[in-house]
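Encoded as structure tokens, the structure appears first; notes follow it.
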Amino acid sequence: MAVRTPRQAGDAAHATREEAHGAVGIRGGRAYWGDMAAPEPENRPPRSSPSAAAGALVRLVQGLLRRLAHALRGAVPRSRTPRRTPGTFRASRGLPAAPPGPDARGARTRRWGSAAGLVVITVLGAWLGLLVVGNVRTPVGPMDTTMTLRPSFSGGTKINVSPLGALELESHHAPVRLDVDIDQLDPVRANALVDHPERLSGLEDEIVRDVRAGAVEVAGRSVVAVVVGATALGLAVYRRPRRAATAGGLALLLLLTSGATAYATWNPKSVLEPKFSGLLAGAPSVVGNARSIVTEFNVYQQELARLVTNVTKLYEATSTLPAYAPDPTTTRVLHVADIHLNPAAWSIIRSLVEQYDIDVIVDAGDTMDHGTTAENGFLEPIPDLGAPYVWVRGNHDSIDTQQAVADLGENVHVLDNGVPVDVAGLRFAGMGDPQFTPDRSVVPEGDPAERAAGRELAFHLRAQKRAGTPVDIAVAHNPVLAQQTDGLVPLALAGHTHQRSNEVLDDGTRLMVEGTTGGGGLRAVEGDEPQKVQASVLYLDEKTDRLQAWDEITLGGLGLAKAEVSRHLPGDLEPGASPSPTPTAPTPETPGTPAAPPEGGTRSPSPSPTPAPGAS
């Protein structure tokens, strides 16, 4: 009997079990036993559903990202166990290192490629972060703006004013650019500036604060945007948190370096040399012309004031008019009218006040052009002109204008409704113009309205006269209104016509109509020649408060540098007569200082002459 080995015995037993129970097999994913027929594979159609399509798309994207990551890493998958290279083998045997072969050069290339890939991922992620969340909406003055940091090769600042175009400023040189989009003008804040023009003086500081706050906010948001963007893209590509954190840190370092470069190359003078595009391309010439106009106008008004000073001194030094020389007790009144928003008028008035030692300024109205609240800031120089200011409302001055003048201080007096005011020893009364012509919703009533207001003023003047406190000077804007005071006051002052005139009315009241002290304002350029700037200095006896003489000052209009001063006496005119010409002082064409002029601002003592017959 043959003896079997244990292995032979195990094989025999296994064969016995197969015979007893049948063979085991798997086909088509289904198991079968013994002699069972193996099932044939079923010809089923492929499954098609939205979830299956989405899954396939996700797998495709994952595969592309893996390929991109593998390409950027520049290396093939390596085994976890270190491989023994020829270099390590030679080093373990104490042999000199072999020259670098193809494997060493390939490893170095892969390292450089990996670093370059990391930089590309960092920059791309930072840019995507800035694009998505790197902008800030912030108010700047009355405007709503959007500030954004953008990657750039040249840096600078770009201000987009849709739809007019854009202007670019070379404010800094760095790989980031600041974009400022002006979205809209906020109507609430804009109306607040119109209603409260005093806020315009602080608007520049407010804009600086708003821009600084917006810049700080956009800088903080940009830091978050670049770090989050670079980290997220690095995590999506590398799938390794350490690599993603490296990309985020590198993005932060790049942003901080760009900020330091922008700070080091900051050029505040860039606002003086902007580059315009779009419809704003024509702005440089406009801005240049406006800047030139402002600069030249400041020089012009300074020179004009200097011209007034010099002509006054020259007149005092060379005048041969014999009839009158004011003494120290004479009350001096400066009569002005129709300034019409011309800022040069304030310089002229201030110079006349200093040179003639004026006691009181009388303004016959039309200080404004449209009477809007926004124009009230123009009145701010009045308290600093050097003399009390008496003002009456003109047809271009609104009730808001009148209230703004009344709020200028105790040295400024508003005449209206015939209420008397005592200033510099003189008693004034006046009536504001009953018409406000810039209001197109109201049909002007013309002279009938002026006469009605004049009769009301006359009623108050009679009441003052009966009370034993007669008025010395009546003031109105329109001569038609002022004419109604004839016989009730010795002197009436007016404006409105932009033409100087002087007449004695039928009942003895002298009506003096001043020209335009503002040269007509904006209307100065409507004609072939600019309107002349005119003002008058009135000399009144301190005891009788009667007019003794007056000087008429006439300056060349806008852009002209010449002046004329002429003196007149009350005896030159009789009731119903027109003024006769009198000698005038020399009229220099350009400013200059005359030789050895007397000191300005001093009153030459002389006896007070008796008023000429017919003067009142």
Side-chain angles (χ1 to χ4, degrees), residues 72 111-141 143 145-161 166-182 204-238 240-277:
L72 292 175
R111 285 195 298 271
W112 281 105
S114 178
L118 181 61
V119 172
V120 171
I121 290 297
T122 299
V123 173
L124 183 60
W127 179 75
L128 291 175
L130 288 176
L131 189 64
V132 175
V133 295
N135 54 59
V136 172
R137 292 181 61 86
T138 180
V140 177
M143 298 174 294
T145 66
T146 301
M147 296 185 179
T148 311
L149 281 182
R150 300 290 188 206
S152 171
F153 292 106
S154 59
T157 300
K158 184 177 182 180
I159 302 175
N160 299 305
V161 187
L167 59 100
E168 298 181 7
L169 309 175
E170 294 184 359
S171 56
H172 61 276
H173 297 282
V176 289
R177 184 187 72 198
L178 176 62
D179 285 0
V180 180
D181 297 332
I182 299 179
E204 182 177 353
D205 295 334
E206 179 184 351
I207 290 176
V208 170
R209 290 193 300 269
D210 291 342
V211 170
R212 184 181 293 114
V216 171
E217 186 176 356
V218 76
R221 181 168 292 194
S222 298
V223 169
V224 176
V226 299
V227 172
V228 172
T231 303
L233 186 60
L235 190 61
V237 172
Y238 293 110
R240 293 165 60 184
R242 182 174 297 179
R243 277 274 185 169
T246 302
L250 182 58
L252 178 60
L253 179 62
L254 289 176
L255 182 63
L256 295 178
T257 303
S258 301
T261 304
Y263 180 80
T265 59
W266 177 252
N267 178 24
K269 296 182 179 180
S270 60
V271 295
L272 300 177
E273 298 178 354
K275 295 180 180 179
F276 297 88
S277 60

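A quick note: this is a predicted structure, and the numbers were derived from the prediction, not measured.
The two residues Ile121 and Tyr238 come nearest to each other via the heavy atoms CG1-OH, 4.1 Å. Taking all atoms of both residues into account, the shortest heavy-atom contact from Thr122 to Ala251 is CG2-N, 3.4 Å.
Under the side-chain contact (heavy atoms from CB on, under 4.5 Å) criterion, Leu178 pairs with Met147, Leu149, Thr157, Val180, sequence neighbours left out. Under the side-chain contact (heavy atoms from CB on, under 4.5 Å) criterion, Ala262 pairs with His172, Ala174, sequence neighbours left out. By the side-chain hydrogen bond (donor to acceptor under 3.5 Å, both in side chains) test, Arg150 pairs with no residue at all, sequence neighbours left out. By the side-chain contact (heavy atoms from CB on, under 4.5 Å) test, Val216 is found to be paired with no residue, residues two or more places apart in sequence or in another chain being considered. Under the rule for a side-chain hydrogen bond (donor to acceptor under 3.5 Å, both in side chains), Ser258 has no partner lying at least two apart in sequence or in another chain.
Pairs of residues two or more places apart, or lying in two chains, never qualify as salt bridge (charged side-chain N to carboxylate O under 4.0 Å, His left out) while including a residue from residues 222-236.
With Ser152 as reference, Arg177 is the one residue of Arg177, Lys158, His173 to meet the side chain to side chain contact (heavy atoms under 4.5 Å, CB included) rule.
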What's the verdict on side chain to side chain contact (heavy atoms under 4.5 Å, CB included) for Val218 and Thr148, showing C-alpha distance, side-chain angles and the deciding distance? CA-CA 7 Å; Val218 76; Thr148 311; 5.6 Å; no
Given Leu124 and Leu233, is the side chain to side chain contact (heavy atoms under 4.5 Å, CB included) satisfied, shown in steps? CA-CA 8 Å; Leu124 183 60; Leu233 186 60; 3.8 Å; yes
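Under the 3.5 Å distance criterion, the side-chain polar atoms of Thr231 are left unmatched by any main-chain donor or acceptor of Ala245.
Here the straight-line distance linking atom CG of Leu250 with atom CG of Leu255 works out to 11.5 Å at 0.5 Å rounding.
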